[in-house]
Amino acid sequence: MSDNSVGKRKRVLSGVQPSGNLTVGNYVGALRQWAREQYNFESFFCVVDLHAITVPYDPLALREKTREVAALYLACGIDPEVSTVFVQSHVSAHAELTWLLNGITPLGWLNRMTQFKDKSAKQQVDSVSMGLLDYPVLMAADILLYQADAVPVGEDQKQHLELTRDIAQRFNHLFGDTFTIPDPMIPPTGARIMGLDNPTAKMSKSETGSEYHAVYLLDPPNRARKKVMRAVTDSGREIRFSRDPERAGVNNLLELYEALTAQSREDIEQQFDGKGYGDLKKAVAEAVVDMLGPIQQRYEDLTRDSSYIDNLLARGAERANEVASATLKTVRERMGFLEPLR
Ligand code: TRP
């Protein structure tokens with residue numbers, strides 16, 4: 001049962017793991033959209049640190065990245081007075097609901113998840129963690145605790161969202177209407193930026209194979225420029241939007257340019273008519289640097305005093321906890337747990 005009554009704004013929830021470095025792709029495909037949409041929805045944005053421990057990681061880096069990702073949310077335009085920004089592990093209901101949902105989630109559903117298959121294939125069979133398999137149940141808990149109506153996620157998370165819907169439906173069927181069934185909110189095409197070194201794979205913040213894979217939001221201007229100038233293209237010379245896989249590199253640069261300048265495709269093709277790939281790369285590099293400038297300035301302002309972000313996250317957790325603990329209470333009752341005397 002949704003707790004949204006008529007006239008109330010719909011709810012969205014999304015999150016990013018505090019692993020790797022946030023990229024230009026994360027900005028164009030996620031953070032920028034969240035910031036734009038936050039006025040139309042009641043929004044919850046969390047830093048999903050509990051998800052980040054499902055693969056080997058460094059505890060010091062986890063703590064640092066958790067603050068960094070939260071500060072980058074704000075630097076990219078998420079307003080903590082408008083949206084609730086918090087850290088997943090600060091709200092213990094996430095871990096608790098995961099366990100409760102584990103009880104009704106068939107193992108077969110988890111074994112089918114393609115992300116699990118891909119990620120576990122990269123590790124030794126015996127060292128793959130239980131957490132990696134259970135990752136989608138934790139994600140379902142994140143979403144269902146807030147009765148989210150919509151979840152902005154990339155194409156790669158669609159299967160996890162379908163699983164979330166299946167778990168919610170199963171729960172509602174077994175124990176009575178409790179959870180809102182969330183819809184995915186997949187960003188428009190052109191919002192999916194591909195790797196600069198390999199334009200057939202999505203730009204990833206945790207890809208460490210090549211130094212020239214992604215522009216990070218905190219890259220200094222010269223690094224950012226250099227990465228764009230090194231982007232893989234092809235041996236042709238025509239600068240046109242194209243779905244030809246052979247021309248994916250140039251197309252990716254054009255889509256990035258389109259996303260950053262908000263010009264029409266005709267205008268962009270016109271602008272580069274008769275020009276070379278070098279000219280395109282220079283223009284994209286400058287557009288990227290122009291985009292990064294204000295974000296990095298805000299990031300510096302926000303992190304000058306380290307207690308600022310921590311205080312803000314404490315307030316966010318309090319607000320998130322109000323919503324999450326109400327849902328959890330209902331879940332416990334419906335599932336038949338004895339309430340402790342108070
Ligand atoms: N699994 C998501 C990703 O890798 C991150 C995530 C965790 C998430 N919990 C979420 C996204 C809840 C949306 C809603 O992108």
Side-chain angles (χ1 to χ4, degrees), residues 10-23 25-34 37-38 41-55 57 62 65-66 69-70 72-73 78 83-91 93-95 97-98 101 105 110 113-120 122 129 131-168 179-187 191-193 201-207 214 316 320 323-324 327:
K10 294 204 165 193
R11 254 194 210 150
V12 306
L13 176 133
S14 199
V16 171
Q17 288 191 53
S19 55
N21 296 303
L22 288 189
T23 71
N26 293 123
Y27 176 72
V28 168
L31 298 176
R32 181 171 75 166
Q33 321 275 6
W34 300 0
E37 293 290 335
Q38 68 186 328
F41 294 91
E42 186 187 359
S43 308
F44 292 82
F45 298 119
C46 58
V47 182
V48 290
D49 54 351
L50 296 172
H51 278 104
I53 66 166
T54 57
V55 290
Y57 75 100
L62 180 66
K65 287 287 166 192
T66 299
V69 171
L72 279 171
Y73 281 3
I78 289 161
S83 303
T84 302
V85 175
F86 68 104
V87 174
Q88 183 188 35
S89 70
H90 292 179
V91 181
H94 291 247
L97 182 61
T98 301
L101 296 179
T105 305
L110 296 177
M113 294 292 110
T114 55
Q115 183 173 294
F116 173 71
K117 289 193 243 178
D118 292 348
K119 284 197 185 178
S120 57
K122 290 183 185 157
S129 74
L132 194 61
L133 181 62
D134 208 26
Y135 178 115
V137 181
L138 176 58
M139 179 161 162
D142 297 340
I143 295 164
L144 300 178
L145 275 175
Y146 298 89
Q147 308 285 9
D149 300 285
V151 182
V153 282
E155 195 67 41
D156 60 318
Q157 295 296 310
K158 230 173 127 181
Q159 195 186 31
H160 289 162
L161 205 70
E162 272 153 24
L163 183 91
T164 301
R165 292 165 59 92
D166 289 343
I167 294 174
F179 293 126
T180 302
I181 310 298
D183 287 314
M185 240 166 101
I186 309 284
R192 186 160 187 256
I193 304 302
K202 182 182 158 181
M203 185 181 279
S204 154
K205 67 185 165 56
S206 41
E207 173 65 57
V323 179
T327 304

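Since the structure is predicted, the reported quantities are computational estimates derived from the model, not experimental observations. Counting starts at 1 for both ligands and their atoms, in listed order.
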Contact summary for Gln147 and Thr180, nearest pair of heavy atoms: OE1-N, 2.8 Å
Minimum side-chain heavy-atom gap Val153-Ile186 below 4.5 Å: yes
Backbone or side-chain N or O of Gln115 under 3.5 Å from ligand 1 N or O: no
Residues in ring-ring contact (aromatic ring centres under 6.0 Å, His included) contact with Tyr135, at least two apart in sequence or another chain: His51, His160
Shortest non-hydrogen separation from Leu13 to Pro152 and the atoms involved: O-CD, 3.5 Å
Per-atom contacts of ligand 1 with Tyr135, taking only distances under 4.0 Å to non-hydrogen atoms: 1 (N), 2 (C), 3 (C), 4 (O)
Per-residue contact class, Ile143 against ligand 1 - non-hydrogen pairs under 4.0 Å: side chain
Per-atom contacts of ligand 1 with Gln157, taking only distances under 4.0 Å to non-hydrogen atoms: 1 (N), 2 (C), 3 (C), 4 (O), 15 (O)
Backbone N/O of Phe44 and side chain of Thr84: donor-acceptor pair under 3.5 Å: no
Val153: numbered ligand 1 atoms lying under 4.0 Å from its heavy atoms: 11 (C), 13 (C)
Atom 12 (C) of ligand 1: nearest protein contact (heavy atom, Å): Leu13 CD2, 3.6 Å
Separation of Met139 CE from Leu161 CG (nearest 0.5 Å): 6.0 Å
Proximity of Gln88 to ligand 1 by residue part, where a heavy atom lies under 4.0 Å: neither
Per atom 8 (C) of ligand 1, closest listed option by heavy atom (Met139, Lys205, Gln17, His160): Met139
By side-chain contact (heavy atoms from CB on, under 4.5 Å) - contacts of Asp49 (at least two apart): Pro18, Leu62, Thr66, Val87, Gln88, Ser89
Aromatic centroids of Tyr146 and Phe41 separated by under 6.0 Å: no
Contacting atoms of ligand 1, where contact means under 4.0 angstrom from a heavy atom of Val151: 13 (C), 14 (C)
Check: Asp142 N/O within less than 3.5 Å of ligand 1 N/O: yes
Nearest neighbour in protein (non-hydrogen) for atom 5 (C) of ligand 1: Gly15 O, 3.6 Å
